[in-house]
Number of protein chains: 2
Amino acid sequence: MLTDRQLFILQIIIDDFIRSAQPVGSRNLAKKDDVSYSPATIRNEMADLEEMGFLEKTHTSSGRVPSEKGYRYYVDHLLSPGSLRRSERTAIHSIFADRQEGLEKAVQNAATILSELTSYTSIVLGPRFNDHKVRNLQIIPIDTRSAVAIIVTDTGHVENRIFSLPEGIEPEDIEKMVNILNDRLTGVPLSELRQKIYKETTELMRRHLHNYEAVLHMFAEASAGSPIGKLFIGGKTNIFNQPEFRDVEKVRLVMDMMEKEHDMYELIRPTESGVQVKIGTENAEQAMEDCSLITASYSVGNEPVGTIAILGPKRMEYSRVITLVDFLSHDMTNVLTRLYNTRT
Amino acid sequence: MLTDRQLFILQIIIDDFIRSAQPVGSRNLAKKDDVSYSPATIRNEMADLEEMGFLEKTHTSSGRVPSEKGYRYYVDHLLSPGSLRRSERTAIHSIFADRQEGLEKAVQNAATILSELTSYTSIVLGPRFNDHKVRNLQIIPIDTRSAVAIIVTDTGHVENRIFSLPEGIEPEDIEKMVNILNDRLTGVPLSELRQKIYKETTELMRRHLHNYEAVLHMFAEASAGSPIGKLFIGGKTNIFNQPEFRDVEKVRLVMDMMEKEHDMYELIRPTESGVQVKIGTENAEQAMEDCSLITASYSVGNEPVGTIAILGPKRMEYSRVITLVDFLSHDMTNVLTRLYNTRT
DNA sequence: TTTAGCACTCGAACATAAAGAGTGCTAACA
DNA sequence: TGTTAGCACTCTTTATGTTCGAGTGCTAAA
């Protein structure tokens with residue numbers, strides 16, 4: 001086990017390194033006001049901490065740098081809970097204050113503000129609309145050959161798609177179809193629409209119409225769109241600020257990853273509830289080797305529907321960011337639950 | 001004026017530099033098979049070309065590098081028209097072959113393929129839907145307090161927005177509204193909808209309904225969305241491949257610019273028709289100092305509706321890229337005109 | 001007009017040296 | 001016994017030459 005003094009020194013080393021990005025040496029540590037040990041004592045403790053794997057040296061005679069295990073311990077045991085400035089709090093509240101712009105804009109806004117507050121990169125996975133239920137279906141003819149299929153959910157989300165009309169279909173036929181569809185499918189969750197659309201309506205359609213298959217197929221396809229929420233990334237270039245990313249190759253690795261939607265989704269895919277911290281190689285993604293990721297999911301009611309995350313260097317201001325992410329995710333949960341939880 | 005030999009040497013220098021990214025010296029030039037002059041002769045010509053401003057030296061005794069003026073002359077007078085491989089041609093045709101996915105996906109696809117073919121960064125400005133006309137308006141109630149307003153254009157584009165329903169409005173009222181709106185506004189271009197919606201419908205609404213103002217206002221607002229097309233960028237990180245961008249600061253400048261939608265729009269905003277080449281500082285944007293941009297607009301019928309562009313280093317394969325951009329823009333014009341020009 | 005020859009310049013690569021920050025170890029100290 | 005001062009040692013960083021090669025400009029000869 002670690003002695004109190006070792007804990008103290010570990011903490012102060014990591015704090016210092018997070019601030020300065022420079023390996024920290026015994027002499028400089030001893031100079032600090034709140035450190036009352038001599039350099040030699042500190043050196044001894046450092047040697048022990050290194051032996052236990054919490055610290056590393058970049059070369060034989062350099063100052064110490066936290067290891068991944070060191071950060072992990074720091075995050076798990078040494079973190080002094082941060083507090084938010086009033087200005088930060090209001091900035092976050094303001095995101096969802098004005099709902100006129102629509103949910104998507106608000107979520108995008110959240111990403112921007114989050115990255116500005118932290119000067120790291122933010123990732124926001126927009127709410128999944130999977131379990132939302134069909135409110136209304138429409139077919140709007142464009143010309144004789146094509147039409148737009150529209151699906152409106154009970155959350156106000158709209159899916160739409162252009163499709164080719166079958167030959168010789170009449171406006172009245174379309175009206176009949178729309179009526180049947182709405183009659184049979186209102187209230188069906190989007191995730192089940194694909195199967196139910198055939199089961200529920202084929203019989204009726206056959207009785208009154210011909211050439212309906214293409215249209216059914218169309219809706220089935222359209223409903224399969226966006227199984228996952230939209231991804232917004234804010235402050236992509238903030239990584240350039242980090243001194244450990246002066247190297248083009250390193251930046252490139254991270255940038256490349258950020259361009260791949262799928263990778264990003266995998267990265268922040270929600271695991272457990274609450275704030276999660278993944279340090280360096282704890283992330284599956286190779287490119288994240290030198291980065292840390294802090295995620296939290298937000299919910300509607302008790303159901304998690306999306307995730308917010310901050311991506312920064314391993315040398316991240318964990319305390320501040322954790323507080324921030326925690327706060328925002330709760331705020332989002334509150335707002336969204338109030339807005340959308342009427343339907344349960 | 002330039003002699004034939006000077007033209008030849010200028011061309012061969014630029015060709016070589018585009019390939020190698022290394023300053024080109026007289027000795028190496030003279031070694032080439034198709035060059036039959038001695039290094040000394042070439043040196044003399046180089047000195048003249050430099051004096052005229054077509055070449056530059058990086059330092060007193062280095063090889064020559066094309067100046068911006070040199071590139072400009074090269075592009076305007078020395079370009080051998082490139083030809084496309086069959087595989088490139090089919091790749092381009094394939095973009096719009098399968099329209100099932102919808103126009104937006106296809107445009108995004110164009111950006112991806114363009115960046116893959118060139119290994120530069122591609123920018124595609126999606127078609128502007130401004131002059132498209134209202135085909136149908138809908139109001140779908142979500143619950144007692146809110147509803148979704150939907151605008152479908154004659155091109156199959158769908159705009160939608162959630163809004164709050166006025167107190168105590170009845171389903172029949174909404175139906176009436178929708179009827180009036182469709183009756184009066186079908187065929188109105190989106191750009192004029194904002195004004196016309198009040199002029200055309202207020203009188204009728206007043207006669208039959210109350211509390212309609214909020215709804216009108218709503219539609220007016222929704223129609224004002226996306227005045228410009230959507231922007232897609234492909235291969236953002238391709239700039240990292242360029243040896244002249246080994247420098248983090250340079251990359252950052254370009255990356256930062258690419259994140260700003262507005263800047264990008266300004267950058268590729270269509271000017272003249274045909275393929276445009278902007279070299280280095282010919283672009284207004286500061287960050288483009290070391291980059292070149294090749295743009296071409298595409299049209300529906302005779303009306304330009306969008307732009308495609310390639311962003312690369314000044315040392316770009318102009319010939320190939322110009323051919324490619326030209327080809328794709330024509331292909332897009334053809335396809336889109338066939339699809340959407342029925343309505344004029 | 002072209003080219004060979006030559007002196008000269010500059011950058012890249014490499015070696016060397018000195019300075020500075022840091023360590024580990026030992027011995028003295030409280 | 002835990003703490004600290006002292007010291008030799010290590011390694012990086014920075015500065016300073018040195019050399020090498022690629023390139024130039026100029027002059028004079030072909």
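Predicted model only: the values in this text are computed from it and were never measured. Throughout, protein chains are lettered first and strands after them, A, B, ... in sequence-line order, and every chain is numbered starting at 1.
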Send over the distance from [X] [atom1] to [N] [atom2], rounded to a whole Å.
{"X": "B/N28", "N": "D/dT24", "atom1": "CG", "atom2": "P", "answer": "10 Å"}
{"X": "A/E45", "N": "D/dT3", "atom1": "CD", "atom2": "P", "answer": "7 Å"}
{"X": "A/Q22", "N": "C/dA21", "atom1": "CD", "atom2": "P", "answer": "12 Å"}
{"X": "A/Y37", "N": "D/dG2", "atom1": "OH", "atom2": "C1'", "answer": "12 Å"}
{"X": "B/D16", "N": "D/dG23", "atom1": "CG", "atom2": "P", "answer": "10 Å"}
{"X": "B/L55", "N": "D/dG25", "atom1": "CG", "atom2": "C1'", "answer": "16 Å"}
{"X": "A/R5", "N": "D/dT3", "atom1": "CZ", "atom2": "C1'", "answer": "8 Å"}
{"X": "A/R27", "N": "C/dT23", "atom1": "CZ", "atom2": "C1'", "answer": "11 Å"}

Determine: side-chain N/O of [X] to OP1/OP2 of [N], distance under 4.0 Å, yes or no.
{"X": "B/S62", "N": "C/dT9", "answer": "no"}
{"X": "A/R64", "N": "C/dA21", "answer": "no"}
{"X": "A/K57", "N": "C/dG24", "answer": "yes"}
{"X": "A/T41", "N": "D/dT4", "answer": "yes"}
{"X": "B/K31", "N": "D/dA22", "answer": "no"}

I'd like to know if the side chain of [X] reaches the main chain of [Y], judged simply by a donor and an acceptor atom lying under 3.5 Å from each other, with no hydrogens or angles considered.
{"X": "A/S26", "Y": "A/I42", "value": "no"}
{"X": "A/K236", "Y": "B/M255", "value": "no"}
{"X": "A/Y265", "Y": "A/L231", "value": "no"}

Exercise. Between B/T60 and B/A40, who's closer to the 5' end of DNA chain C by nearest nucleotide?
Worked result: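 The answer here is B/A40.
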Exercise. Just checking B/N44: base, sugar-phosphate only, or nothing, at a heavy-atom cut-off of under 4.0 Å?
Worked result: base
Exercise. Can you find an N or O donor on one side and an acceptor on the other, under 3.5 Å apart, linking the side chain of A/R43 with the base of C/dG24?
Worked result: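 In this structure, the two groups form a donor-acceptor pair.
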For this session: Could you tell me whether the side chain of A/S61 has a donor or acceptor atom within less than 3.5 Å of a complementary atom in the base of D/dT10?
Result: yes
For this session: Quick one: list whatever passes side-chain hydrogen bond (donor to acceptor under 3.5 Å, both in side chains) with A/D326, sequence neighbours left out.
Result: A/H330
Problem set entry | From B/I123 atom CD1 to B/T295 atom OG1, the distance as rounded to the nearest 0.5 Å |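 Those atoms lie 9.5 Å apart.
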For this session: State the CD1-OH distance between A/I310 and A/Y318, to the nearest 0.5 angstrom.
Result: 12.5 Å
Exercise. Crowded around B/D33 CG? As in, over 12 foreign heavy atoms under 6.0 Å?
Worked result: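 Atom CG in B/D33 is not packed in, count stays at 12 or less.
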Problem set entry | Strand DNA chain C as a dot-bracket string - pairs counted if Watson-Crick or G-U with both distances under 3.5 Å, | where the partner lies in another strand | ||||||||||||||||||||||||||||||
